[in-house]
Undergrad: 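Sharing a structure below in structure tokens format, with a few things to ask.
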Amino acid sequence: MHDRSRLRNDPDFYIKAIARKRMAAPIELLLQLDAEWRAVRTALEADQAEMNRASRSIGALLGQGKKDEAETAKQKTAELKARIAVQEERARELESELRSLELSIPNVPHPSVPDGAGEQDNVQVRTFGEPPVFDFEPKPHWEIAEHLGIIDFAAGSKISGSGFIIYKGLGARLQRALIYFMLHEHTEKHGYTEIYPPYLVNRGSMTTTGQLPKFEEDLYVMERDDLFLIPTAEVPVTNLHRDDILDASQLPIRYAAFSGCFRREAGAAGKDTRGLLRVHQFDKVELVKIVAPETSYDEMESLTQDAESVLESLGLHFRTMEMCTAELSFSNTKQYDLEVWAPGVGKYLEVSSASNFEDFQARRGEIRYRPGPGEKPKYAHTLNASGVACPRLMAAILETYQRQDNSVFVPPPLQPFMGTDSISA
RNA sequence: GGAGAGAUGGCAGAGUGGUCUAAUGCGGCGGUCUUGAAAACCGUUGGCCGACCUGUCGGCCCGGGGGUUCGAAUCCCUCUCUCUCCGCCA
């Protein structure tokens with residue numbers, strides 16, 4: 001959501017900036033309704049002021065026992081009352097239309113974001129390590145995992161449907177090790193506070209972070225209760241401070257949260273159907289920051305590095321890509337994706353997406369802070385990054401550390417949790 | 001799931017139809033006193049929106065929404081949440 005008065009004063013800025021994202025927004029319509037709304041408000045408030053005066057004087061007359069005069073005064077308010085009712089009704093209609101229009105307008109890209117029309121225009125900002133070299137043909141992770149008996153794809157489909165995974169034995173343990181390792185890195189080394197959030201959230205929470213109202217078809221919905229399964233811990237964690245006015249001394253707030261994540265992946269049918277590349281339920285450690293505006297782009301860099309450090313510690317080759325304008329999401333202004341190399345499938349896999357939302361989510365959720373004593377509250381900036389998503393990370397580990405004899409080396413940071421340095425059949 | 005009670009400012013807590021423009025206390029902030037601090041005393045104390053003569057005026061906010069009334073924190077309806085008891089349950 002954007003600042004209404006900035007939209008009024010400089011609509012062209014928003015129209016052009018949103019066009020850079022290859023999106024469109026009904027800004028003229030919004031401004032037209034806004035102008036009508038303000039006119040109605042002004043007239044309404046004048047009438048309300050008059051009604052307040054009239055009521056007070058009726059009270060005074062009754063206090064003096066002047067019943068007849070009070071009755072006469074009451075009659076006179078009828079017309080005013082009717083006019084107020086009509087204006088209130090119109091104002092309510094306009095407010096609800098304005099609200100839904102505002103919620104449907106995307107955030108604007110930061111000026112530093114490279115212009116582009118698609119994936120091919122993303123910019124590589126750095127890489128870590130080198131693709132591993134094999135003296136045999138590296139296998140995709142689903143072959144490795146099935147051979148080792150650590151993932152049962154068929155059972156997942158039987159129990160729930162395609163895109164649901166059963167991890168078994170050392171596979172399940174590897175999953176647990178990754179979660180433990182990542183949480184440990186972020187809480188002990190990077191100063192994040194651990195949060196364990198609910199998996200079901202209400203409509204208001206989904207609206208704050210931007211999944212609603214536009215992307216309901218991507219979510220699993222519990223209709224009876226009007227609750228939604230979270231697609232990422234970003235949703236409950238960002239909403240921790242919904243409707244709060246934080247003290248400046250509390251900022252920056254840094255949270256690390258493990259959760260399951262649930263995505264319908266509507267519209268992605270047929271894409272990346274094999275193995276762990278695209279699943280309906282997955283585990284992830286998510287990093288969320290709530291910060292003062294002047295620090296948010298610095299915080300975004302350190303946030304991205306905190307996510308990168310997970311991949312570095314595991315010795316995986318990856319690249320950090322800056323998304324071009326067309327590849328940004330609805331809610332963010334700037335985005336880095338971390339793509340880890342998976343030699344078996346021969347592709348870079350997106351395991352993390354770091355975003356700055358500036359005050360876009362904060363406005364939707366009324367997340368504010370007071371810059372100093374006696375100062376007016378301001379909207380905070382919110383950011384998040386995966387730190388990182390488990391299934392594709394596991395795919396990259398299995399494929400990177402596979403050996404010709406079908407065993408898989410366990411990278412050193414995971415060995416204490418795994419109790420072994422090798423997974424073999 | 002059943003029965004009951006409740007939701008008021010940063011916190012505690014009064015207010016049951018008309019100077020409520022929300023008492024009082026605590027806390028916070030400023031000041032007086034003091035070498036300094038404490039105590040005492042004095043003052044002060046939120047959010048949102050609109051209008052324009054940009055400093056003032058006006059409107060809204062007592063859990064959310066709707067209603068009754070000239071007038072609602074107060075009465076009615078409804079939703080949400082909290083607490084107590086009962087039932088069920090990992």
Side-chain angles (χ1 to χ4, degrees), chain A residues 1-9 30-103 196-208 212 222-228 236 239-251 260 359 361-380:
Chain A
M1 212 157 87
H2 297 293
D3 182 346
R4 188 85 70 86
S5 69
R6 274 200 66 192
L7 270 167
R8 279 174 203 145
N9 294 333
L30 183 131
L31 291 179
Q32 201 181 312
L33 293 175
D34 175 64
E36 188 187 346
W37 173 74
R38 278 185 294 160
V40 171
R41 287 291 306 181
T42 306
L44 170 62
E45 283 171 18
D47 286 345
Q48 281 173 329
E50 196 182 332
M51 185 62 115
N52 288 343
R53 282 192 292 274
S55 290
R56 255 175 264 138
S57 68
I58 289 169
L61 289 172
L62 288 172
Q64 296 158 19
K66 297 176 179 169
K67 273 196 166 179
D68 292 348
E69 283 179 52
E71 273 312 310
T72 315
K74 276 193 204 181
Q75 315 280 327
K76 283 187 188 164
T77 62
E79 190 195 337
L80 194 55
K81 199 187 175 189
R83 205 160 64 205
I84 287 172
V86 169
Q87 289 173 127
E88 276 177 342
E89 176 62 26
R90 183 61 185 150
R92 260 201 294 275
E93 278 170 23
L94 288 165
E95 276 156 25
S96 116
E97 286 175 49
L98 282 167
R99 169 92 183 154
S100 64
L101 276 178
E102 278 180 319
L103 290 176
Y196 183 74
Y199 286 17
L200 287 167
V201 301
N202 59 31
R203 204 166 272 281
S205 296
M206 284 292 186
T207 304
T208 297
L212 293 180
M222 310 308 213
E223 273 187 35
R224 281 176 81 131
D225 302 290
D226 205 27
L227 292 171
F228 302 83
N239 275 279
L240 273 173
H241 294 293
R242 176 143 57 103
D243 297 325
D244 279 356
I245 298 174
L246 300 157
D247 194 86
S249 65
Q250 293 174 263
L251 306 181
D359 63 8
Q361 295 181 327
R363 285 177 184 280
R364 294 173 156 241
E366 291 294 324
I367 303 169
R368 290 176 290 175
Y369 75 105
R370 199 178 298 282
E375 288 186 56
K376 283 241 153 204
K378 285 173 65 176
Y379 289 106

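Chain letters run A, B, ... following the sequence lines, proteins first and then strands; every chain starts at 1. All values below come from the heavy atoms of this structure, side chains included, with hydrogens, waters and symmetry mates left out.
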Undergrad: For A:Asp68, does the CG atom sit with more than 12 other heavy atoms under 6.0 Å from it, leaving out its own atoms?
TA: no
Undergrad: Salt bridge check: are A:Glu95 and A:Arg92 linked by an N-O gap of less than 4.0 Å?
TA: no
Undergrad: Looking at B:U80, I'd like to know if its phosphate oxygens (OP1 or OP2) sit under 4.0 Å from a side-chain N or O belonging to A:Asn202.
TA: no
Undergrad: Taking the P atom of each, how far is B:U69 from B:U8, in whole Å?
TA: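 Here B:U69 and B:U8 have their P atoms 29 Å from each other.
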Undergrad: Show your working on side chain to side chain contact (heavy atoms under 4.5 Å, CB included) between A:Arg99 and A:Met1 and close with a plain yes or no.
TA: CA-CA 9 Å; A:Arg99 169 92 183 154; A:Met1 212 157 87; 3.6 Å; yes
Undergrad: A:Arg203 has an atom CZ; how far is it from atom P of B:C79, in whole Å?
TA: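 Whole-Å distance recorded here is 18 Å.
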Undergrad: In which ranges does RNA chain B form stems of 3 or more consecutive Watson-Crick or G-U pairs, distances under 3.5 Å?
TA: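 Stems for RNA chain B, defined as runs of 3 or more consecutive pairs: B:1-7 with B:80-86, B:10-12 with B:24-26, B:27-32 with B:40-45, B:46-52 with B:55-61, B:63-67 with B:75-79.
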Undergrad: Roughly how far apart, to the nearest Å, are B:U44 and B:C49 at atom C1'?
TA: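 It works out to 25 Å between them.
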Undergrad: Establish, with yes or no, whether the OP1 or OP2 oxygen of B:G47 is under 4.0 angstrom from a side-chain nitrogen or oxygen of A:Arg368.
TA: no
Undergrad: Whole angstroms only, please: what is the CG-C1' distance between A:Leu80 and B:G59?
TA: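 Distance, rounded to whole Å: 14 Å.
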Undergrad: In whole angstrom, give me the gap between the C1' atoms of B:G28 and B:C85.
TA: 40 Å
Undergrad: Rounding to a whole Å, what distance do you find between A:Asp226:CG and B:C79:C1'?
TA: 13 Å
Undergrad: Find which nucleotide of RNA chain B each of A:Gln48 and A:Trp37 is nearest to by heavy atoms, and output the residue with the more 5' nucleotide.
TA: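 Per heavy-atom nearest nucleotide, the more 5' residue is A:Trp37.
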Undergrad: Can you tell me how far C1' in B:U68 sits from the matching atom in B:C81, rounded to whole Å?
TA: 26 Å
Undergrad: How is A:Arg8 classified with respect to the nucleic acid when contacts are heavy atoms under 4.0 Å: base, sugar-phosphate, or nothing?
TA: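 Sugar-phosphate only.
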Undergrad: Between B:A3 and B:U78, how many Å separate the two P atoms, rounded to a whole number?
TA: 14 Å
Undergrad: Show the numbers, then the answer: is there a side chain to side chain contact (heavy atoms under 4.5 Å, CB included) between A:Glu88 and A:Gln48?
TA: CA-CA 10 Å; A:Glu88 276 177 342; A:Gln48 281 173 329; 3.7 Å; yes
Undergrad: May I ask you to evaluate whether A:Lys376 reaches the phosphate of B:C48, defined as a side-chain N or O under 4.0 Å from OP1 or OP2?
TA: yes
Undergrad: Measure from CG on A:Asp243 to P on B:U80 and round the result to the nearest Å.
TA: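 It works out to 18 Å between those atoms.
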Undergrad: Say you pick atom P in B:G13 and the same atom in B:G67; how far apart are they, in whole Å?
TA: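 One P to the other, the span is 33 Å.
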Undergrad: More than 12 foreign heavy atoms under 6.0 Å from CD of A:Gln64: is that the case here?
TA: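 Buried by this count: over 12 neighbours within 6.0 Å.
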Undergrad: Looking only at atom types and distance, does a side-chain atom of A:Arg364 sit under 3.5 Å from a main-chain N or O of A:Leu103, one as donor and one as acceptor?
TA: yes
Undergrad: Is it the case that the base of B:G58 and the side chain of A:Glu45 share a donor-acceptor contact (distance under 3.5 Å, atom types as modelled)?
TA: yes
Undergrad: Is A:Glu50 paired with A:Arg53 through a side-chain N to carboxylate O contact shorter than 4.0 Å?
TA: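 Looking at A:Arg53 and A:Glu50, the cut-off is not met.
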Undergrad: With no hydrogens and no angle check, is any side-chain donor or acceptor of A:Asp244 less than 3.5 Å from a backbone partner on A:Leu246?
TA: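 Between the backbone of A:Leu246 and the side chain of A:Asp244 there is no qualifying donor-acceptor contact (under 3.5 Å).
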Undergrad: How close or far is atom C1' of B:G47 from atom OH of A:Tyr379, stated in whole angstroms?
TA: 11 Å
Undergrad: Would you check if the side chain of A:Asn9 reaches a backbone N or O of A:Ser5 as a donor-acceptor pair within less than 3.5 Å?
TA: yes
Undergrad: Is there a donor in the side chain of A:Ser205 and an acceptor in the side chain of A:Asn202, or the other way round, less than 3.5 Å apart?
TA: yes
Undergrad: Tell me, for nucleotides 65-78 of chain B in 5' to 3' order, what letter each nucleotide earns: B for a base near a protein heavy atom under 4.0 Å, S for only sugar-phosphate near one, - for neither?
TA: -S--SBS-------
Undergrad: For the P atoms, the ones on B:G50 and on B:U32, what distance do you get once it is rounded to whole angstrom?
TA: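 40 Å, rounded to whole Å.
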Undergrad: B:C60 phosphate, OP1 or OP2: any side-chain N/O from A:Arg41 under 4.0 angstrom?
TA: no
Undergrad: As a test of reading the structure: which of B:A51, B:C48, B:G58 is closest to the side chain of A:Pro377, going by heavy atoms?
TA: B:C48
Undergrad: Rounded to whole Å, please give me the gap between CZ in A:Arg4 and P in B:C48.
TA: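 Answer to the nearest Å: 15 Å.
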Undergrad: Using the P atom on both, measure B:A73 against B:G1 and round to a whole Å.
TA: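 Looking at atom P only, B:A73 and B:G1 are 33 Å apart.
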Undergrad: Which of the following nucleotides, B:G59, B:G50, B:G47, is nearest to the side chain of A:Arg370?
TA: B:G47
Undergrad: Check the distance between B:U80's C1' and A:Asp225's CG and give it to me in whole angstrom.
TA: 14 Å
Undergrad: Partners of A:Lys76 by side chain to side chain contact (heavy atoms under 4.5 Å, CB included), sequence neighbours excluded?
TA: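 Here no residue qualifies.
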Undergrad: Report the distance from atom CG of A:Asp247 to atom C1' of B:G46, rounded to the nearest whole Å.
TA: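 The answer, rounded to whole Å, is 15 Å.
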